[in-house]
2 protein chains.
Amino acid sequence: MKTLQVIPAICCGPDTPVLDSEDAERLATQFRALADPTRVGIVNRLAAAAEVCVCDLTAAFDLSQPTISHHLRILREAGLVEVTKRGTWSYYRLLPEAVEPLRLALGASS
Amino acid sequence: MKTLQVIPAICCGPDTPVLDSEDAERLATQFRALADPTRVGIVNRLAAAAEVCVCDLTAAFDLSQPTISHHLRILREAGLVEVTKRGTWSYYRLLPEAVEPLRLALGASS
DNA sequence: GCATTATATTGACATACATCGATGAAGACT
DNA sequence: AGTCTTCATCGATGTATGTCAATATAATGC
């Protein structure tokens, strides 16, 4: 898998490869998914448990149920979270393997 | 300095402290600064050199000079970059110490 | 002083986004 | 079948954002 380092290590010389526009687009979309305080809060809660029911999220944030649903859709479409339906309930969970590339893009050493 | 881990390590239990709204707001603002492909590209270029002249950026992206200036302002106000004026030229440089907290928020181990 | 060059700011416009109330879809329970 | 609960989608509305042309600012050189 290609490693996208938006911020390469300090070492790199002047011939560091330039990010192509497709990569920049994809990264921007994923950062945009985190560019809202409610979604940061949702991700924070998802990270604290194996999975979280939508009902817990609508209870935790002082926003309408459609609004929470809207934010979850954005996180889903960015590929950062995954949903599993069991009966009437929907359980969301964070996808660590989707977050990892963002860390790498910010210059994580590995 | 308080460490903000939006995504704590895998270990954490159900009583993981919840992100307060002020922290969520600040993180969202910084992620929003990275939520545009042009700005991702700018940051990428800034990371590849000690400092970059605005003129190089306006040449590199197929956008008007005011638009580049606008994006640089957003990165500046998010505290991710810094500008130094020398004569007629403005040189921008990335602030690694500002990017680091974002990496930590995404669950970097240290 | 005047022309030129490098950036920033302003104003306008079109598009994207966050939010809500209303409604829809599907499972659970009686 | 009918009702209740859970969640998603739709439609509307106000605000934020990306973009550019025009203009302002400020340094350089003649």
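Values below: every heavy atom of this structure, side chains too, minus hydrogens, waters and symmetry copies. Protein chains get the first letters and strands the later ones, always in sequence-line order, with residue 1 at the start of each.
- B:T67 comes within 4.0 angstrom of a base, heavy atoms only.
- Counting non-hydrogen atoms under 4.0 angstrom, B:Y91 reaches nothing in the nucleic acid.
- Contacts of A:S69 with the nucleic acid, taken as non-hydrogen atoms under 4.0 Å apart, include base atoms.
- With D:dA27, D:dT5, C:dA18 as the choices, the nucleotide that has an atom nearest any side-chain atom of B:T88 turns out to be D:dA27.
- For A:P66, whose side chain is taken as the heavy atoms from C-beta onward, the closest listed nucleotide among C:dT5, C:dA22, D:dT19 is C:dA22.
- Between the side chain of B:Q65 and the base of C:dA6 there is no donor-acceptor pair of N/O atoms closer than 3.5 Å.
- Nearest to the side chain of A:R76, among D:dA8, D:dT5, C:dA6, sits D:dA8.
- Contact check, A:R73 against D:dA8: no side-chain N or O comes under 4.0 Å of OP1 or OP2.
- When heavy atoms are screened at a 4.0 angstrom cut-off, B:R32 is found touching the sugar-phosphate backbone but no base atom.
- Among the protein residues, B:R86 comes within range of no part of the nucleic acid, since none of its heavy atoms lies under 4.0 Å from any strand.
- Nearest nucleotide to the B:H71 side chain, out of D:dG18, C:dA8, C:dC20: D:dG18.
- Taking both residues in full, the closest heavy atoms of A:Y92 and A:L46 are given as O-CD2, 3.6 Å, listed atom of the first, atom of the second, then distance.
- For B:S90, counting side-chain heavy atoms from C-beta on, the closest listed nucleotide (C:dA8, C:dA18, D:dC20) is C:dA8.
- Nucleic acid contact class of B:I74 (heavy atoms, under 4.0 Å, all strands): sugar-phosphate only.
- The separation between B:H70 atom NE2 and C:dA12 atom C1' is 14 Å, rounded to whole Å.
- The residues B:E77 and B:R73 are annotated as salt-bridged, a charged nitrogen and a carboxylate oxygen being separated by less than 4.0 angstrom.
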